[in-house]
Amino acid sequence: MPFEHAFQQTFIYLAAAVVAVLVGKRLGLGAVLGYLIAGAAIGPWGFKLIGNEGEEVTHFAEFGVVVMLFLIGLELRPALLWKMRRLVLGLGLLQVVLSAGAIGGVLMLFGTEWQGALAVGLILAMSSTAIVLQTLTEKGLLRTDAGQKVFAVLLFQDMAVIPIIALLPLLGTGGGGGASHGDASAWMDRLPGLAQALVTVGAVVLIVALAHTGMRRVFHWVAQTRQREGFTGLALLLVVGVALLMGRVGLSPALGTFVAGVVLANSEYRHELESDLEPFKGLLLGLFFLGVGAGIDFGYIGAHPWLVAGGALGLMAVKGGLLYGVSALKGNDRACSLLFSASLAAGGEFAFVLITLAVTARAFGDETARACVAMVALSMAATPLLIVAAQRVGARLGPAKKDPDREPDVVDDGNPVIICGFGRFGHAVGRLVRNLGYGCTVLDRDSDQVDLLRRIGIPVHYGDGSRLELLTAAGAAHAKVLVIALRDEKTALLIAEHARRHYPHLKIFLRAHSRLEAYAYLDAGHERIYRETLDSSLRMGIDVLTLLGMTEEAAQRAAALYRESDEAMVRQMASARHNAEEYTSAAREAVRSLDEIMRRDLEAREGGRE
């Protein structure tokens, strides 16, 4: 029965997805590589649990890539995207041109005609937007300097697909019009060149206008109904509608939805859109990666192992080496250059579409096409491994610079307090100290945050406090207090180590995001540790107890007692946490002890009232 078969296939895909996530995370390789391995296992060359329908599922799941680009657009303010314009147009164009030229040049050395070599070079110059962005996001690397450069190049590649599609027929013997942009946009091919350009620009302008004005109003109307499923349906409708419109005019659907996301980035409905679409993105991307894994032609690879494996390794070596050199020449450190090159070294999913068009246009033959498909698929499967390896090697090379194009502007203001990190935590400390007449020298390594704070009149210096020379330049030699209010535990420990070694007179105050961070700071010998949620949660507890009828004095006393006991418990458990059995026993005893202390205090107060 078709209905029962659909349920069976659904069960197989969902089971494979769950196993992929568990195995990928357990081995430290990430979910993406787990999906690819699971897809290969259930595919035609594995346990044969799925057959030819896997390709149809992959096409459906490509919608996940579209949703992912929309969500990424939501996180990018138009001002930030404008700031990235040089990276997108400059670095992106450089990557595509150099990669295509290098790959084409290598093929010409092996006797390939220049038309076919250029076609293959342009196709293999593309990288996998889905795999790279998902892996970088999963590893927390997308917002690093290298991650932003990778994103800029991938965004340019999405835009470059259209001119490449137009160029491929000119490189073949099938005639200038042999390859259309697809059935959905075939009507565009009958228009004059100027009309095609006007229609394309008009479609983008329409998306911007609707997202900026019309959709906000519609979102407001739907939000007033307080029906979440209506809002989710409208969000999906927006993404599907933009994707269809982009497909009709021959543009990348992912690029169109990205533009819509950027326009809505400043909308008050941004967070609601993110939360509603995130589950769809995750599920569809999982299906997409499973389909890519299942689609790897292990039969062809087995018949031509040296050709495919050598080609895939050669592709990653040529692109990776070239990109590492470009990044290094731009002044990036080794860790940044390594991650940048590893992320973009392999082929991408657009290659499968472009290979089909190239064969139709007779830019190269079927045998070359099969070899290219196998090499691209194999290199895509290796991409998560390359990123993981680059991350681990880069960590040994030292922390990457946050903004290599901007020089630190740290000066010694002669203040008694230095604050490293001026986010939500450090901002409150700094404002309080300054308002009471004590000078502060503030360092922050987020250039956007520094510019924003300066525009609203708050003096902040751009600089990384983990660099000893910048800590010295900030006046550490004569300051009295060093406040480290960073979220990054490793950087915070490095700053504290520099301060203790070179400026032992400084009193160090550390912000801890969690108990685990507090344990690490205690292990390093620090005592002035402030967990960021403890005070606010206790203050709320005081208000709750007061509302329930307890006097404010009694509630504050109980909160103070709880705080004192909890701080002692953290110090006790810090030394025991490396032994699982000892840690569990210490935690159980700490909970029992805290309950007993609070119970005795309550009985003493009730006895006093009697």
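In this text the structure is predicted, and so the values were computed from the model without any measurement.
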Between L93 and F156, is the side-chain contact (heavy atoms from CB on, under 4.5 Å) condition met? List the steps.
CA-CA 7 Å; L93 178 61; F156 180 85; 3.7 Å; yes
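- Note: E497 CD to I508 CD1 = 10.5 Å, rounded to the nearest 0.5 Å.
- Judged by distance alone, the side chain of N332 and the main-chain N or O of S337 form no donor-acceptor pair under 3.5 Å.
- Under a 3.5 Å cut-off, the side chain of E527 and the backbone N or O of L522 do not form any donor-acceptor pair.
- With hydrogens and angles ignored, the 3.5 Å screen pairs no side-chain donor or acceptor of E564 with any backbone N or O of A560.
- Electrostatic pairing of E553 and R557 does not count as a salt bridge here, judged by no charged N lying under 4.0 Å from a carboxylate O.
- Counting heavy atoms from C-beta on, the side chains of V88 and V153 never come closer than 4.5 Å.
- At a threshold of 4.5 Å between non-hydrogen side-chain atoms, the residues V326 and L94 count as touching.
- We find the OH-CG distance between Y324 and L329 to be 10.5 Å, quoted to the nearest 0.5 Å.
- Panel note: side chain S341, backbone L338; a donor-acceptor pair is recorded below 3.5 Å.
- Taking CG of L238 as the start and CE of M215 as the end, the distance is 4.5 Å to the nearest 0.5 Å.
- Remark: side-chain polar atoms of H498 are paired, donor with acceptor, to backbone N or O of S466 under 3.5 angstrom.
- Inter-residue side-chain proximity for Y462 and D444 is flagged as unmet; no heavy-atom pair is nearer than 4.5 Å.
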Steps toward side-chain contact (heavy atoms from CB on, under 4.5 Å) verdict (V481, F509):
CA-CA 8 Å; V481 173; F509 292 75; 3.6 Å; yes
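- Looking at V483 and C420, their side chains never come closer than 4.5 Å, going by heavy atoms from C-beta outward.
- A cation-pi arrangement is absent between R511 and Y530, since the terminal nitrogen or guanidinium carbon is not both under 6.0 Å from the aromatic centre and inside a 45° cone about the axis.
- Between G475 and I418 the shortest heavy-atom distance is C-CD1, 3.9 Å.
- Nearest heavy atom pair, residue G439 against residue P416, reads O-CD, 3.3 Å.
- T135 is not listed as a side-chain neighbour of T383, based on a closest heavy-atom distance of 4.5 Å or more.
- Minimum interatomic distance between L142 and Q148 (heavy atoms only, all atoms of both residues): O-NE2, 2.8 Å.
- S127 places a side-chain N or O within 3.5 Å of a backbone atom of L344 that can act as its donor or acceptor partner.
- Closest heavy-atom contact between F219 and L264: CE1-CD1, 4.3 Å.
- H505 places a side-chain N or O within 3.5 Å of a backbone atom of A476 that can act as its donor or acceptor partner.
- For the residue pair V433 and C440, the shortest heavy atom distance occurs at CG1-SG, 3.5 Å.
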Checking side-chain contact (heavy atoms from CB on, under 4.5 Å) for the pair L538/R563: CA distance, chi angles, key distance, verdict?
CA-CA 8 Å; L538 287 177; R563 180 193 180 100; 3.7 Å; yes
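- Taking 4.0 Å as the cut-off between side-chain N and carboxylate O, D145 and K149 count as a salt-bridged pair.
- Inter-residue side-chain proximity for E489 and Y521 is flagged as met; some heavy-atom pair is nearer than 4.5 Å.
- Atom CD of E552 has 12 or fewer heavy atoms from other residues, nucleotides or ligands within 6.0 Å.
- Looking at heavy atoms from C-beta onward, K480 lies out of side-chain contact with L506 at the 4.5 angstrom threshold.
- Listed for the D488 side chain is a donor-acceptor partner under 3.5 Å among the backbone atoms of K490.
- One finds the CG atom of L482 at 11.0 Å from the OG1 atom of T441 (value rounded to the nearest 0.5 Å).
- Counting only distance, with no hydrogens or angles, the side chain of K319 and the backbone of A346 share a donor-acceptor pair below 3.5 Å.
- Contact between T257 and F70 at its shortest, heavy atoms only, is O-CD1, 3.2 Å.
- Within 6.0 Å of CZ on R434 lie more than 12 heavy atoms contributed by other residues, nucleotides or ligands.
- We find the OH-CD1 distance between Y519 and I529 to be 11.5 Å, quoted to the nearest 0.5 Å.
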Determine, step by step, whether L141 and I387 satisfy the side-chain contact (heavy atoms from CB on, under 4.5 Å) criterion, reporting the C-alpha distance in whole Å, the side-chain angles of both residues, the deciding distance to 0.1 Å, and the verdict.
CA-CA 10 Å; L141 299 171; I387 294 176; 4.3 Å; yes
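- Going from atom CG of L136 over to atom CD1 of I131 covers 11.5 Å, rounded to the nearest 0.5 Å.
- One N or O on the side chain of T546 and one on the backbone of I542 form a donor-acceptor pair closer than 3.5 Å.
- Q157 places a side-chain heavy atom less than 4.5 Å from the side chain of V96.
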